[in-house]
Amino acid sequence: MSKPTPLSGFPEFLPDQRFVETEVLATLARTFELHGFAGIETRAVEPLDQLLRKGETSKEVYVLRRLHEEGGGDAGIGLHFDLTVPFARYVLEHAGRLEFPFRRYQIQRAWRGERPQEGRFREFTQADIDIVGRDVLPFHHDVEVTRVMLDALRRLEFLPGLRLQVNNRKLIQGFYAGIGVEGDGVDEVMRIVDKLDKLEPGKVRAMLVEEAGVTDDQADQCLALATIHSSDDEADDGFVARVRALGVDHPLLDEGLDELAALVRGCADLADDRVRIEADLSIARGLDYYTGTVFETRLDGFESLGSICSGGRYDSLASDGRTTYPGVGISLGVSRLLVPLVQRGLVGASRVVPSAVLVALADEESRSASDAIATALRSRDIPCEVAAAPQKFGKQIRYAERRGIPFVWFAGADGGHEVKDIRSGEQVAADPAAWTPPTEDLRPQVTTNEREQ
RNA sequence: GUGGGUAUAGCUCAGCUGGUAGAGCGCUGCGUUGUGGUCGCAGAUGUCGCGGGUUCGAGUCCCGUUACUCACCCCA
């Protein structure tokens, strides 16, 4: 068989890279559980009509088909393209057996058939947290999910700095209504304003007039609003005054502004130099189901990746006609975040195998003795492996060195034992029933490298 | 879906106006015969993406094709 070529958009990690990923996934799950979120997993497929509702056809759903399909086939199922749509279905399906407000986390793969690019894949992992209420969900839960995700990002200490950008759709819609932009024009204006991070303000202004059909004055006001963001060196409510200064008056604007200010204020204590939060009034999140708070997250030095962590408030994603289930959630793009960092070698593992110890093998006759040493170490939770072949000890040490295994264990013919730290060369007598490596050597560690220019 | 770029050793890549395949790293062995790393010496490895064409001769030029990749669109 000839050598297989990579499949575009389906990234795979080498063992040390996968180690970084499992560390991230474990940290996320642990943090979410610390905040009382229960883990769930939904099936990988949903009925096509569920996936394609609400004009989501642009999501490029992968449709499932049996290879040896007989007759007309089934109604049609496809792989889910995010975790929010399956979750909405899950809530409706199990509503009778769930406690509300329901807080869950969900870490799974999703699939989209779009053209792959840096940070954009056809198969990728997302980590979602959502809180869903029955009929009502108080605003303080918006603050809560934000705090949970900030906490999780803070615990991923090996990541570059990042900036959580928050806005509020009530604020935008109230402002637009206050200046006379309403109806179908609102979504179009938001979509165009959302491009401010890529296009010149003048270009965006021109698009607003030409494509969204707003007046020059309205375009100026929209731009003035969108360029407001809270900066690090001012009091957290500074942006509120600047919005007020635009002189627009609308009840929805007031409500959104109050919420946004409360959110930023409520999360300020979790921000530090590396993980920041700011109000950014250009954030709109396309034309999705969001109705209030919206999030995006930029990774320092990787702004071109787009948002690595997005979400917001949706007041009616799930409804059975009698009851509606408002929710608020954030989704972290684990693959989008990790693949670029790992492929550049900016994060990695201190070794490519879990083994902390290689038990040397003198000859095949003594394999059972070496196995016994390994068993003794493992009984005390020390990961280890026995040398594959009784090569010269120099070769066995090199085997360990190549893999980053820090210790090699030698059993003498006289029954004595010695363990060598191959980094320092230090070799000492040791007892398989008592010796323990330093804590930092017990498991591989996530390592970071300075970014090469 | 639209437009550009690329495809040569395990990896990163060089290969001129066409003349029979190269480097670095890695790998294997030896020096050092059962304690590695440094250093030195030696060695192995290629359907030059695939198919066709031009030519005495194609990695190189032309056509087609596939894959990868970048941008647009959209998004985690």
Side-chain angles (χ1 to χ4, degrees), chain A residues 1-11 14 24 28 55-61 80-85 106-129 149 162 191-192 194-195 197-199 283-288 290 294-299 302 304-312 329-340 343 345 358 360-363 366 387 389-413 418-428:
Chain A
M1 173 172 133
S2 60
K3 185 178 175 179
T5 55
L7 246 190
S8 178
F10 293 83
L14 294 172
V24 168
L28 291 174
E56 300 282 13
T57 47
S58 65
K59 299 284 190 184
E60 300 282 2
V61 171
H80 58 232
F81 55 80
D82 69 10
L83 302 182
T84 306
V85 171
Q106 189 172 347
I107 302 175
Q108 283 182 245
R109 287 202 208 267
W111 295 267
R112 292 183 194 178
E114 296 167 289
R115 278 280 166 74
Q117 261 179 60
E118 164 104 294
R120 176 174 153 188
F121 311 102
R122 289 179 158 173
E123 178 179 69
F124 56 98
T125 299
Q126 282 188 310
D128 277 37
I129 51 171
M149 193 56 86
L162 40 87
R191 191 182 64 79
I192 295 170
D194 201 46
K195 296 180 184 300
D197 59 332
K198 281 193 175 180
L199 298 177
I283 302 299
R285 296 269 64 226
L287 24 102
D288 262 327
Y290 298 110
V294 286
F295 312 97
E296 285 195 3
T297 309
R298 322 296 289 205
L299 191 63
F302 295 86
S304 63
L305 284 182
S307 175
I308 54 146
C309 181
S310 310
I330 310 189
S331 172
L332 174 65
V334 176
S335 301
R336 168 167 288 186
L337 174 64
L338 248 31
V339 171
Q343 284 183 345
L358 174 73
L361 185 63
D363 47 52
S366 58
Q391 294 177 292
K392 292 185 228 175
F393 284 154
K395 291 251 179 80
Q396 296 189 38
I397 291 171
R398 194 169 65 176
Y399 173 100
E401 203 255 332
R402 295 275 158 79
R403 289 163 179 73
I405 301 172
F407 295 97
V408 177
W409 193 285
F410 298 101
E418 290 192 343
V419 65
K420 178 189 184 94
D421 182 333
I422 65 172
R423 295 160 301 189
S424 64
E426 185 187 12
Q427 186 166 331
V428 297

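Throughout, protein chains are lettered first and strands after them, A, B, ... in sequence-line order, and every chain is numbered starting at 1.
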**Q** State whether the aromatic ring of A:Phe121 stacks on the base of B:rA76, taking stacking to mean ring centres under 5.5 Å apart and ring planes under 30° to each other.
**A**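 Stacking is absent between B:rA76 and A:Phe121, given that the ring centres and planes do not meet under 5.5 Å and under 30°.
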**Q** Rounded to whole angstrom units, what separation is found between the CD atom of A:Gln117 and the P atom of B:rC73?
**A**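 Distance check: A:Gln117 CD to B:rC73 P gives 10 Å.
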**Q** Applying side chain to side chain contact (heavy atoms under 4.5 Å, CB included), name anything that partners A:Ser331, two or more places apart in sequence or on another chain.
**A**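 With sequence neighbours excluded, A:Ser331 shows a side chain to side chain contact (heavy atoms under 4.5 Å, CB included) to A:Gln126, A:Asp128, given in chain and number order.
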**Q** Using the P atom as the reference point in each nucleotide, state the distance between B:rA58 and B:rA21 in Å, no decimals.
**A**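 Straight-line distance between the two P atoms is 13 Å.
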**Q** Check side chain to side chain contact (heavy atoms under 4.5 Å, CB included) between A:Gln391 and all other residues, then give those that pass, not counting sequence neighbours.
**A**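 With sequence neighbours excluded, A:Gln391 shows a side chain to side chain contact (heavy atoms under 4.5 Å, CB included) to A:Ala389, A:Lys395, A:Gln396, given in chain and number order.
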**Q** What pairs with A:Arg423 under salt bridge (Lys or Arg N to Asp or Glu O under 4.0 Å), at least two apart in sequence or on another chain?
**A**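 Applying salt bridge (Lys or Arg N to Asp or Glu O under 4.0 Å) to A:Arg423 gives A:Asp421, A:Asp441.
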**Q** Heavy atoms only, 4.0 Å cut-off, all strands: where does A:Gly306 land among base, sugar-phosphate and nothing?
**A**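 A:Gly306: no heavy atom of the nucleic acid under 4.0 Å.
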**Q** The side chain of A:Glu118 lies closest to which of these nucleotides: B:rA76, B:rC70, B:rC27?
**A**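 Of B:rA76, B:rC70, B:rC27, B:rC70 is nearest to the side chain of A:Glu118.
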**Q** If you look at every strand shown and take non-hydrogen atoms under 4.0 Å, does A:Tyr399 touch a base, only sugar-phosphate, or nothing?
**A**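 A:Tyr399: no heavy atom of the nucleic acid under 4.0 Å.
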**Q** Considering only the P atoms, how many Å lie between B:rG22 and B:rG46, rounded to the nearest integer?
**A**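 Result for the P pair: 13 Å, nearest Å.
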**Q** A:Arg109 CZ to B:rA76 C1': how many Å, rounded?
**A**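 Distance, rounded to whole Å: 14 Å.
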**Q** With P as the reference atom in both, quote the distance from B:rC50 to B:rG31 in angstrom, rounded to an integer.
**A**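 After rounding to an integer number of Å, I get 41 Å for this pair.
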**Q** Please report the distance separating the C1' of B:rA44 from the corresponding atom of B:rG26, rounded so that it comes out in whole Å.
**A**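 One C1' to the other, the span is 13 Å.
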**Q** Determine whether a donor-acceptor pair (N or O, by modelled atom type, separation under 3.5 Å) exists between the side chain of A:Arg336 and the backbone of A:Ile308.
**A**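 Judged by distance alone, no pair lies under 3.5 Å.
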**Q** Given that A:Glu401 and A:Ser310 both sit by RNA chain B, which one's nearest nucleotide is further toward the 5' end?
**A**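 Upstream on the strand: A:Glu401.
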**Q** In whole angstrom, give the distance that lies between atom CG of A:Leu361 and atom P of B:rU35.
**A**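 So the CG-P distance, A:Leu361 to B:rU35, works out to 15 Å.
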**Q** Rounded to the nearest Å, what distance is computed from the CZ atom of residue A:Arg402 to the P atom of nucleotide B:rG26?
**A**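 That distance rounds to 8 Å.
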**Q** With sequence neighbours excluded, what pairs up with A:Phe410 under the ring pair (Phe, Tyr, Trp, His ring centres under 6.0 Å) test?
**A**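 Listed in chain order: A:Phe393.
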**Q** Flag this pair as yes if the NZ/CZ of A:Arg402 is under 6.0 angstrom from the six-membered ring centre of A:Tyr399 and inside a 45 degree cone about the axis; otherwise no.
**A**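 Checked: cation-pi criterion not met.
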**Q** Which residues satisfy the side chain to side chain contact (heavy atoms under 4.5 Å, CB included) test with A:Thr125, sequence neighbours excluded?
**A**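 In terms of side chain to side chain contact (heavy atoms under 4.5 Å, CB included), with neighbours along the sequence ignored, A:Thr125 is linked to A:Glu21, A:Leu25, A:Ile107, A:Arg109, A:Val334, A:Ser335.
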**Q** Give the rounded distance in Å between these two atoms: CD of A:Glu296 and P of B:rC75.
**A**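 Result: 9 Å.
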**Q** Classify the side chain of A:Arg336 and the base of B:rC75 as holding, or not holding, a donor-acceptor pair under 3.5 Å.
**A**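 Side chain to base: pair found, below 3.5 Å.
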**Q** So, does the side chain of A:Gln427 form a donor-acceptor pair with the base of B:rU35 at under 3.5 Å?
**A**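 Between B:rU35 and A:Gln427, which were checked side chain against base, a qualifying N/O pair under 3.5 Å is present.
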**Q** Under the rule for side chain to side chain contact (heavy atoms under 4.5 Å, CB included), what residues qualify as partners of A:Glu118, not counting sequence neighbours?
**A**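 Side chain to side chain contact (heavy atoms under 4.5 Å, CB included) list for A:Glu118, sorted by chain: A:Leu305, A:Pro340, A:Arg344.
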**Q** When the P atoms of B:rG3 and B:rU20 are compared, how many Å lie between them, rounded to an integer?
**A**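 Here B:rU20 and B:rG3 have their P atoms 39 Å from each other.
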**Q** Rounded to the nearest angstrom, tell me the gap between atom CG in A:Asp363 and atom P in B:rU33.
**A**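 These atoms are roughly 18 Å apart.
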**Q** Take atom C1' in B:rA7 and the same atom in B:rA76, then report the distance between them in whole Å.
**A**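 Comparing C1' positions in B:rA7 and B:rA76 gives a spacing of 30 Å.
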**Q** Give a yes or no answer on whether the side chain of A:Thr297 reaches the backbone of A:Cys309 with a donor-acceptor pair at less than 3.5 Å.
**A**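 Side chain of A:Thr297 to backbone of A:Cys309: a pair is present.
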**Q** When all nucleic acid strands are considered with a 4.0 Å heavy-atom cut-off, which category describes A:Arg423: base, sugar-phosphate, or nothing?
**A**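 Base, at least one base atom sits under 4.0 Å.
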**Q** For A:Arg115, which contact category applies under a 4.0 Å heavy-atom criterion: base, sugar-phosphate, or nothing?
**A**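 Base: the residue A:Arg115, judged by heavy atoms under 4.0 Å, touches a nucleobase.
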**Q** Nearest 0.5 angstrom please: A:Leu337 CG to A:Leu162 CG, how far?
**A**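 One finds 8.0 Å between CG of A:Leu337 and CG of A:Leu162.
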**Q** Rounding to the closest angstrom, what is the interatomic distance between B:rC11 and B:rU45 at atom C1'?
**A**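 It comes out at 13 Å once rounded to the nearest Å.
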**Q** Taking Watson-Crick and G-U wobble pairs with both distances under 3.5 Å, convert RNA chain B into its dot-bracket string, 5' to 3', dots for unpaired and | for cross-strand pairs.
**A** (((((((..((((.....[..)))).(((((.......))))).....(((((..]....))))))))))))....
**Q** Looking only at atom C1', what distance separates B:rA9 and B:rG43, rounded to whole Å?
**A**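 These two C1' atoms come out 15 Å apart once rounded.
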**Q** Where the side chain of A:Arg120 is defined as all heavy atoms beyond and including C-beta, which of B:rG36, B:rC75, B:rU28 is the nearest nucleotide?
**A**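 It is B:rC75.
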**Q** Protein-nucleotides 64-68 of chain B N/O pairs closer than 3.5 Å?
**A**
unit_1	atom_1	unit_2	atom_2	d
B:rC68	OP1	A:Pro6	O	3.4
B:rC68	OP1	A:Ser8	N	2.6

**Q** Roughly, in whole Å, what's the span from CD in A:Glu123 to C1' in B:rA76?
**A**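 One finds 14 Å between C1' of B:rA76 and CD of A:Glu123, rounded.
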**Q** Got a list of protein N/O to nucleotides 29-31 of chain B N/O distances below 3.5 Å?
**A**
unit_1	atom_1	unit_2	atom_2	d
B:rG29	OP1	A:Lys395	NZ	3.2

**Q** Does A:Glu418 have any salt bridge (Lys or Arg N to Asp or Glu O under 4.0 Å) partners at least two apart in sequence or in another chain, and if so, which?
**A**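 So A:Glu418 forms no salt bridge (Lys or Arg N to Asp or Glu O under 4.0 Å) with any residue.
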**Q** Once you apply a heavy-atom cut-off of 4.0 Å, does A:Ile308 come out as touching a base, just sugar-phosphate, or nothing?
**A**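 Sugar-phosphate, no base atom in range.
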**Q** Could you pull out all residues at least two apart from A:Arg122 that satisfy salt bridge (Lys or Arg N to Asp or Glu O under 4.0 Å)?
**A**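 Testing A:Arg122 for salt bridge (Lys or Arg N to Asp or Glu O under 4.0 Å), a comparison that skips the adjacent residues, returns none.
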**Q** Round to the nearest Å and state the distance from A:Ile397 atom CD1 to B:rU38 atom P.
**A**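 Value for this atom pair: 14 Å.
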**Q** Show the distances under 3.5 angstrom between N or O atoms of the protein and N or O atoms of nucleotides 8-12 of chain B.
**A**
unit_1	atom_1	unit_2	atom_2	d
B:rG10	O3'	A:Lys3	NZ	3.3
B:rC11	OP1	A:Lys3	NZ	3.1

